[in-house]
Amino acid sequence: MSTATAADERISGSSKISKVLKRPESGAMVAAIVIFLWFALTTDAFATSGGSSTWLLGSSTIGIMAVAVALLMIGGEFDLSAGAMTGFTGLLVGILCTEYGLNIWVAILVALVLALAIGALNGFLVMKTGLPSFIVTLGTFFVLQGVNLAGTKALIGQVAIQGMAKVPYYDQPRTLFGSAFTWGENGSVYASVFWWVGVTAIATWILMRTRVGNWIFALGGAQQSARQVGVPVFKAKIGLFMTTAAAGWLVGMLTLFRTSTVQANTGVGQEFIYIICAVVGGCLLTGGYGSAIGATFGALIYGMVNQGIVYSGWDSNWLKTFLGAMLLGAVLLNEWVRRRAEQSR
Amino acid sequence: MSTATAADERISGSSKISKVLKRPESGAMVAAIVIFLWFALTTDAFATSGGSSTWLLGSSTIGIMAVAVALLMIGGEFDLSAGAMTGFTGLLVGILCTEYGLNIWVAILVALVLALAIGALNGFLVMKTGLPSFIVTLGTFFVLQGVNLAGTKALIGQVAIQGMAKVPYYDQPRTLFGSAFTWGENGSVYASVFWWVGVTAIATWILMRTRVGNWIFALGGAQQSARQVGVPVFKAKIGLFMTTAAAGWLVGMLTLFRTSTVQANTGVGQEFIYIICAVVGGCLLTGGYGSAIGATFGALIYGMVNQGIVYSGWDSNWLKTFLGAMLLGAVLLNEWVRRRAEQSR
Amino acid sequence: ACSGTGKEEDSATTTTGGTKNSGLTYAVITHSGPGDAFWDRVKSGAEKAGADYGATVQYNNDPDPAKQSQLIDSAVASKVNGIVVSMANPDGLEESVKKAVAAGIPVVTINSGLDKFKDFGAITHIGQSEAIAGEAVGARLKAEGGKKAICVIQEAGNVGLEERCKAAATAFGAMENLQVDGTDDAAVQASVTSKLQADPSIDTVLALGGQYAIDAVNAVGESGSKAKVATFDLSEDVVTNIESGKISFAVDQQPYVQGFLGVTTLYLKSINGNDVGGGQPINSGPAFVTKDNAAQVAEFAAKGTR
Amino acid sequence: MTEQDSKNMDTLVEVRKIGKRYGNIIALSDVSTTVRAGEVTCVLGDNGAGKSTFIKILAGSHAHTDGELLVDGQERHFSSPREALDAGIATVYQDLAVVPLMPVWRNFFLGSEATKGKGPLKRLDVDFMKKTTKTELAAMGIDLRDVDQPIGTLSGGERQCVAIARAVYFGARVLILDEPTAALGVKQSGVVLKYIAKARDRGLGVVFITHNPHHAHPVGDRFMLLRRGKSLGDFAKADLPMDELVSMMAGGAELEALAHELERSMGADSAVVSELKEDLK
Amino acid sequence: MTEQDSKNMDTLVEVRKIGKRYGNIIALSDVSTTVRAGEVTCVLGDNGAGKSTFIKILAGSHAHTDGELLVDGQERHFSSPREALDAGIATVYQDLAVVPLMPVWRNFFLGSEATKGKGPLKRLDVDFMKKTTKTELAAMGIDLRDVDQPIGTLSGGERQCVAIARAVYFGARVLILDEPTAALGVKQSGVVLKYIAKARDRGLGVVFITHNPHHAHPVGDRFMLLRRGKSLGDFAKADLPMDELVSMMAGGAELEALAHELERSMGADSAVVSELKEDLK
Ligand SMILES: Nc1ncnc2c1ncn2[C@@H]1O[C@H](COP(=O)(O)OP(=O)(O)OP(=O)(O)O)[C@@H](O)[C@H]1O
Ligand SMILES: Nc1ncnc2c1ncn2[C@@H]1O[C@H](COP(=O)(O)OP(=O)(O)OP(=O)(O)O)[C@@H](O)[C@H]1O
Ligand SMILES: [Mg+2]
Ligand SMILES: [Mg+2]
């Protein structure tokens, strides 16, 4: 009865390559390669060590957030407070150190704990009230945005952290978050790039190879069904919100210790960039489908386009137009690749 | 067999009021009343004729867009280019009139036709490529944003329309779009408020009482099912995108003819405000549920909170924090009302 | 491009002047948000200078210091012949600017960064900080008899705007900030109206951009207040309103000058090794436009160069 | 009804060597049959045999990738269910095609709404639609509390009945039912069988999918058997006594093997086995 | 198995005057019964009678609003299906509870994933899960092409089989099945009946919902009848011959009325009517 032989007459030919191409991230990968080649061939500086370290740096912080946001989106939720969180943690550490002279490591830890608490609160509100996370985290976003602006002004009288470099032990966390390896002629690979790679790897492992990963897919795909087969929905969702918050903290630290400053409006408006990168990387907005590597490629595409346009010397007024056209192009290519793979897998 | 009598033993008591409260917009309505009362009682100017005409004006343009966006969201799609569209149409009319001396009515018509074409293109891309509308219209948004800035700059050498009031026949469309009735002591009800009421009424009629309205609900609720029972999915979706584009045009005209100027960044970032208002008004982000009146109340809440905070004299640095807290409060109240109604309908 | 109505010459970014092509490339990197009228004039000035000298000018901007520093890095990687940069948040740019200087690329700072340009190794600084202009405006408003004022901020958390208001408040006294949503004129007008209604003792409104001055004038009319309106930056409509007395004055920081002189300084460095200013900053303004001199600037305002 | 008779009747729909691939998955290949007016064609087959896929091609919901589909003798390639509906083909899908959040009555009339009034005042005839929904469902033995209830809150069988009542109400020439009785009680199933017989008597062509031989045998005129995406041929009712039908539906020999296996594992006197055997012969 | 016997057996789950309201809709009220080890309790009733609602309370998916639920003699109020699962109650839902976009094998093991390795290296045992899924489904007569296929692309019956196989595989003490055979072919139905009998013989308590008397009668030990949300009582199998069961499932008198009505409208010799009558008596 169960004649499950390898060669089933109900399947037409199938190749290994097309199986790989069927993964959610494959399209974004192809699109990233195309865009890299385009700018490498049309501009002088893009593919040099100096050029590539610039767009790698730009992509890295966005990439870390995009990966976390992708996990959350696969789990069926949004976090609009993710962008403001990067500013919040950075400002908090900056204020605690420059204004109140707190030990820098303690300040960093305090920021992490607060970020996790806010993430947990987001998750708790979403699960307890039954409101869409889009709205709940929008509320948190507004609140954080106000706190960032008014709090910073009230406490240090200006809207940007200054004098961070003079804080004792500044160099220790700077090594961890803000240092760079020189590379090639004038390139420098920043710490945030390594963090990015690490975060992507861990997220991929969790998604593909752990129980929690299985649950994340199920939460986004059909929460009711997941609940019915015994997935701990509540805990898993709160964990996801805390993950994005933690990523926000990480990016806040990376920003603070590389530039030694953060502004009150840092990160505002970025929340959608993260979502965009995740979607370009193959995540479904409705949840239940996507990958961490895809989000990383999405961020890479975004970063390359953003800097590539600068290298091309096009009028910056048109920047957004080029960005829009390239994004659309990348997503279309992405979709096309996936369709082709579906058809001939 | 079919003993469908009025008193079914399987239904416990049910009242008319709770039936009304079960509508999607009921919660937003209650929240709007609460917020109105709050500000009316705690500030002097909020409930005066002057005060209320101010927040009515602020709500009206957002309200028009929110209603159109709500229709689209009920139909299961987003339009992120809606905000930039208001700027685009306003700038276009301004440039055509001040720079090329085109007849003002012709310019208005040209802008409408172009807006509809862009809306149709959005819809066409979404339906043909199978990409999420979030991404497609994001592309259009970026493209429009760039066109607004760079196009305006290239054509008139600056980033805002100037000298509109000197254009021949300016007064005719101004009467239609920009005039105001004086009211009470120092109040003035602008044309846009009337447009807002009209748009809400028409949208409600369409949703509740026409075939197209039935289709819109079905599209968002289960597109595949709708298709299977013969709903013209393609046409209906494109129509919805054209509707938001037309609303963008209307708001563009209302802005241009009230202030006699439009700048290149008009409307950027507003697209999410529209979505927020629709959701506060009871629309589901996932589509298939919501109402036009609800979106109108959502816009009203947003407008009242925005101005009410100013009337209260609170530090405007905290504006966003208050806004976030009030939004969350309104949505929670909204949800609570709906739940109560569900339980005792 | 546009027809010959006396507007600014065609200003594509990569203009290679009508006469010669010097083969030089300069990057202008500012902390402006997109579509900001003030910075648009800085850009126009820089591009005009580039066109005049036959140099290529690449203008880019980002209000986030992390991204602005990446733009500087990009310029260094592209091996430009000089960089003009506005340093609203000097700490955030320090590393990148120093790297550029170390790579042998001459740097000129404009608009803000007066305190730090020397430390970072820039040739000179052009323009005055927002603080100087703000203080001048505050003092003038006070001299005109203002008692209580609001400063309308159209972009939350923008370092430059905050600094303007702060400096104006220092010189004026009772001045409060009002945050508004600069992308929605109806909301700007409504917010200013509300504020004037809520507090009738406000007699002065300071706007930070031409567009918002128009909204403020409308709001004053609507609220029935007698408040005076003053503004940063010019536009055709602002000049018209100054002439008709609805705006008492506008402060012109002469952004065009900042862009033009920035590129000019680099050009002189390239072709002649000059260090303009000799290590001292060069002031670009501010100039006040009132009813008396409005007519003179009207023509330039219409062109979008003032 | 003999093979001869049915040949003389109008052929409404004919498929020739039709096939459907989903990517590299071949769900259906080489299937040929005809749907004739006044005849009930039962499609039988194991789970995953391709029955629903076959149905979806006829209903215009999926386009076929191979072969030909002829409606009234003309070759067609439906690009949407709307076209099939316009050709008079109404379908009850296995997944029901309802919109969970919408009220029952809106679902019932979705795509074919009743209106009243003219011009801009043309509007939904809500009262008529609510009344019709209520009565049509009552006729099937479904006594709804409230037709304003979202259809997602109905029980599985109630939802199924809405889908059937809708197709019957709007069905014009061909009525396709994909496992309509699966979730239904005995009473409701009887009503559905009655509907099918009625539709046949009115001259409609009916395509009926079921796994229940007790449902298939009484109303079916012809039986088409699918197996792993391939057709094993058409049979007229006359050639097919009930027990043969059952054994055919269960894969014949394999069912007997199963009965034997059960006998071994559970003992010959086990209730299941004896019932199975009873069903078999 | 007599009434006497079953009384002596362990009571696993007991419900007392249990009830459930959805807002003002009363879906279930005043239902009492017991689930005993080694016994199959069939829950019968019309569409919308409240069977699934009853099941969902036992499964911890919905909390009851009235009455008491006792597991092993202790009063419980399950707040999530996880708690019910931990108490050894595995359920096949009528709406199957699968995640359409996820591969078959991930769905099979969802919530009870198999892992290997220790500490941070603890990871899913993918090979084992794929193999188990394939073999468990093959044992039910479902021969999948590829367990990596999203479950949403399976046929209705195939999906049903995954849900059943999963519950059987993980079922510990109580197995609840809500219309498991609805979408299944004759062969697959036979396998499910075999599973039920096997589970019973292993000493599990089984709750089985079906509309098919031919499925209910062979395996059921006790029959609980629901009508419009109310219980009409429990019956032991001995007291209930097949024909009485059928008439009870169809609402007894009402079915006869239907047969008469059909006779009038379609003629006494109509195939449907005679089949119905046959079913009736
Ligand atoms: N979430 C809900 N909200 C409101 N009413 C509901 C809800 N779920 C079920 N009902 C109602 O409760 C009644 C019982 O439903 P249930 O699903 O238990 O029936 P059932 O006996 O399983 O029927 P079937 O045999 O058709 O599956 C139905 O009339 C249904 O309309
Ligand atoms: N969208 C799809 N993509 C890939 N495979 C599919 C898709 N839809 C169906 N299939 C496969 O095609 C085969 C036939 O499916 P179909 O739904 O036609 O079966 P069926 O005969 O209706 O079965 P059942 O009696 O269980 O409903 C199944 O094996 C299924 O896995
Ligand atoms: Mg099927
Ligand atoms: Mg049920």
Side-chain angles (χ1 to χ4, degrees), chain B residues 43-46 48 50-51 53-55 57-62 83 87 99-100 145 148-149 152-160 162-165 180 185-186 188 192 254-255 258-270 273 303 306-308 310-313 315-317 319-320, chain C residues 1-3 5 7-12 33-37 40-41 43-44 150 153 156-157 176-200 209-212 214-215 218-219 222-224 235-240 301-305:
Chain B
T43 71
D44 296 333
F46 190 80
T48 62
S53 45
T54 310
W55 49 258
L57 170 63
S59 306
S60 63
T61 46
I62 292 180
E99 189 72 18
Y100 297 99
Q145 198 184 344
N148 285 358
L149 177 57
T152 308
K153 174 80 186 154
L155 293 176
I156 65 171
Q158 39 195 341
V159 291
Q162 305 289 319
M164 192 65 202
E185 194 190 352
N186 58 352
S188 38
S192 61
L254 292 171
T255 309
R258 195 177 50 72
T259 62
S260 84
T261 172
V262 175
Q263 50 179 343
N265 65 353
T266 294
V268 172
Q270 298 290 309
I273 310 272
N306 241 325
Q307 302 308 319
V310 179
Y311 284 115
S312 303
D315 180 353
S316 67
N317 285 339
L319 176 83
K320 287 290 163 80
Chain C
C2 66
S3 50
T5 45
K7 302 276 151 142
E8 177 200 6
E9 266 91 289
D10 194 358
S11 64
D36 185 287
D40 184 57
R41 283 174 202 130
K43 184 181 179 193
S44 296
I150 52 170
I153 296 189
E176 201 184 314
N177 289 1
L178 179 67
Q179 302 279 349
V180 297
D181 181 355
T183 58
D184 182 354
D185 283 308
V188 175
Q189 182 182 331
S191 292
V192 176
T193 309
S194 304
K195 191 70 191 173
L196 293 174
Q197 285 171 343
D199 185 355
Q211 177 75 15
Y212 309 106
I214 307 295
D215 292 334
N218 287 341
E222 192 174 291
S223 64
S235 74
E236 197 179 342
D237 284 355
V238 168
V239 173
T240 315
K303 275 200 229 168
T305 57

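Every chain is numbered from 1 and lettered A, B, ... according to where its sequence line falls, protein lines coming before strand lines.
- Between the CE atom of B:Met164 and the CG atom of C:Asp237 there is a distance of 11.0 Å, given to the nearest 0.5 Å.
- Judged by distance alone, the side chain of C:Asp184 and the main-chain N or O of B:Thr266 form no donor-acceptor pair under 3.5 Å.
- Heavy atoms closer than 4.5 Å to chain C are found nowhere in B:Asn148, neither backbone nor side chain.
- In terms of the ring pair (Phe, Tyr, Trp, His ring centres under 6.0 Å) criterion, C:Tyr212 has no residue partners (sequence neighbours excluded).
- Residue contact with chain C, scored on non-hydrogen atoms closer than 4.5 Å, involves the side chain of B:Thr61 exclusively.
- Proximity to chain C (any heavy atom under 4.5 Å) is restricted, for B:Ile62, to the side chain, taken from C-beta onward.
- Rounding to the nearest 0.5 Å places OG of C:Ser191 at 14.5 Å from CH2 of B:Trp55.
- Checking side-chain atoms of B:Gln158 against main-chain N and O of C:Ser235 turns up no donor-acceptor pair under 3.5 Å.
- Panel note: side chain B:Thr54, backbone C:Ser194; no donor-acceptor pair is recorded below 3.5 Å.
- Most heavy-atom pairs under 4.5 Å with chain B: of the set C:Asn177, C:Asp185, C:Ile214, this distinction falls to C:Asp185.
- For the atom pair B:Leu57 CG and C:Asn218 CG, the distance stands at 10.0 Å (nearest 0.5 Å).
- With a threshold of 4.5 angstrom between heavy atoms, C:Leu178 approaches chain B through its backbone and through its side chain.
- Taking each heavy atom of C:Ser44 and B:Lys153 in turn, the nearest pair found is OG-NZ, 2.7 Å.
- Remark: side-chain polar atoms of C:Glu176 are not paired, donor with acceptor, to backbone N or O of B:Ser316 under 3.5 angstrom.
- For the options B:Gly58, B:Gly308, B:Gly313, B:Gly267, heavy-atom pairs under 4.5 Å to chain C are most numerous at B:Gly267.
- Of the listed residues C:Asp181, C:Thr183, C:Val180, the one with more heavy-atom pairs under 4.5 angstrom with chain B than any other is C:Thr183.
- Taken from CD in C:Glu236 to CD1 in B:Ile156, the straight-line distance is 9.0 Å, to the nearest 0.5 Å.
- Of the two parts of C:Gln211, only the side chain, counted from C-beta on, holds a non-hydrogen atom closer than 4.5 Å to a non-hydrogen atom of chain B.
- There is no contact between B:Asn306 and chain C, counting heavy-atom distances below 4.5 Å.
- A distance of 9.0 Å separates CG in C:Asp36 from CD in B:Gln263, rounded to the nearest 0.5 Å.
- For the set B:Gln162, B:Gln270, B:Lys320, the count of heavy-atom pairs under 4.5 angstrom toward chain C peaks at B:Gln162.
- B:Ser188 touches chain C through its side chain: at least one heavy atom from C-beta onward sits under 4.5 Å away, while N, CA, C and O do not.
- Of the two parts of C:Asp40, the backbone and the side chain both hold a non-hydrogen atom closer than 4.5 Å to a non-hydrogen atom of chain B.
- Between the CD1 atom of C:Ile153 and the CG atom of B:Asn317 there is a distance of 7.0 Å, given to the nearest 0.5 Å.
- Both the backbone and the side chain of C:Ala37 come within less than 4.5 Å of a heavy atom of chain B.
- Chain C forms the most heavy-atom pairs under 4.5 Å with one residue out of B:Thr261, B:Asp44, B:Asp315, and that residue is B:Thr261.
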